[in-house]
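The first residue in the sequence is number 1, and the count goes up from there. These numbers were taken from a predicted model, which means no experiment stands behind them.
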Amino acid sequence: MNLFQTHPEVQDAFLPFQQLSKEDMEHSAILRSHALRVMGTVEKCIGRIKTPEKLENLMHELGERHTHYNARYDFVDLVGNQFVLAIKPHFDNQWTPEIEDAWVQLFKVMTYHMKKGLIDAPVITY
C-alpha cells in the first residue's frame, strides 16, 4: 500500500487497481495475491543466491512476462525500497544497516535482471 501512497502514478499502471479508493485497495484480493507472488519471487531468489545464473534467469523471465502487462521499466526500481520498508518493522531491534544493505543489494540484482527481461522480450505485433 505504501508504494501507491508514495507513488500514486503506479496505481494507474495496474489495470485492476485503477480508480480504486485506498480502502478498496487495502481489501483487494488481487493486491494481496500480487504481494504474495512478489514475496514468493523474493524467496525463490534467496534460494538461488548461490546459483546466480538461476536467479538471473528467473528475474529475466519475470521481466519478459511483465511486458504482457505493459509494466513500466521505471517502476521496477520502486519495489525494492518499498519491500525493505515493509519488512523492517518486523525485525524489531535486530535490524542493522548491514541487513538493510543486504536487502537493498538483493533487490538491485533482482531489478537489474527483471528490467533486462523487459528490454529483451520479443515484440509481438499483430
Side-chain angles (χ1 to χ4, degrees):
M1 283 302 304
N2 193 48
L3 175 62
F4 300 121
Q5 292 167 349
T6 58
H7 299 87
E9 67 278 12
V10 175
Q11 182 174 344
D12 287 333
F14 283 85
L15 195 59
F17 307 143
Q18 292 175 351
Q19 308 301 319
L20 287 183
S21 69
K22 179 183 173 191
E23 185 177 323
D24 289 340
M25 288 283 293
E26 288 174 349
H27 296 97
S28 169
I30 296 170
L31 179 58
R32 178 177 296 280
S33 176
H34 186 266
L36 290 172
R37 285 194 307 276
V38 170
M39 300 269 300
T41 299
V42 172
E43 183 177 19
K44 287 177 184 177
C45 286
I46 291 169
R48 290 165 171 76
I49 204 88
K50 292 185 179 181
T51 52
E53 64 282 350
K54 289 183 180 179
L55 188 154
E56 293 165 11
N57 288 338
L58 173 73
M59 294 309 298
H60 191 276
E61 290 171 6
L62 184 64
E64 288 179 346
R65 284 195 310 274
H66 273 67
T67 61
H68 301 292
Y69 310 118
N70 295 318
R72 287 197 28 198
Y73 182 90
D74 54 324
F75 288 168
V76 174
D77 288 320
L78 300 176
V79 176
N81 289 335
Q82 295 302 319
F83 186 90
V84 170
L85 289 173
I87 65 168
K88 188 175 181 175
H90 300 283
F91 277 77
D92 296 322
N93 59 355
Q94 296 174 339
W95 191 262
T96 65
E98 293 80 14
I99 289 174
E100 184 164 339
D101 186 55
W103 281 109
V104 168
Q105 295 306 318
L106 174 64
F107 271 93
K108 282 183 181 178
V109 171
M110 291 172 61
T111 57
Y112 172 84
H113 292 290
M114 184 174 177
K115 291 190 313 187
K116 190 159 177 5
L118 282 168
I119 292 170
D120 295 344
V123 176
I124 300 171
T125 56
Y126 297 96

With rounding to the nearest 0.5 Å, note down the distance linking [atom1] in [X] to [atom2] in [Y].
X      : Y      : atom1 : atom2 : answer
Asp120 : His60  : CG    : NE2   : 3.5 Å
Leu62  : Met110 : CG    : CE    : 8.0 Å
Tyr73  : Lys116 : OH    : NZ    : 10.0 Å
Thr96  : Ile99  : OG1   : CD1   : 4.0 Å

Sub-4.5 Å side-chain heavy-atom contact between Leu106 and Ile46: yes
Flag side-chain contact, heavy atom, 4.5 Å: Thr41 against Met59: yes
Does [X] have any ring pair (Phe, Tyr, Trp, His ring centres under 6.0 Å) partners at least two apart in sequence or in another chain, and if so, which?
X      : answer
Phe107 : Phe83
Tyr112 : none
His66  : Tyr69

Member of Lys50, Lys54, Glu56 meeting the side-chain contact (heavy atoms from CB on, under 4.5 Å) criterion with Pro52: Glu56
Mind checking whether [X] and [Y] sit in one hydrophobic cluster, side chains of I, L, V, M, F, W, Y counted as touching below 4.5 Å?
X     : Y     : value
Val79 : Phe75 : no
Val38 : Leu78 : no
Val42 : Leu85 : no

For the student: nearest non-hydrogen atoms of Leu55 and Cys45, plus distance: CD1-O, 3.3 Å
Nearest heavy-atom neighbours spanning Gly63 and Leu118: O-CD2, 3.2 Å
Arg37 and Ser33 side chains, donor-acceptor separation under 3.5 Å: yes
Enclosure of Glu53 CD (heavy-atom neighbours >12, cutoff 6.0 Å): yes
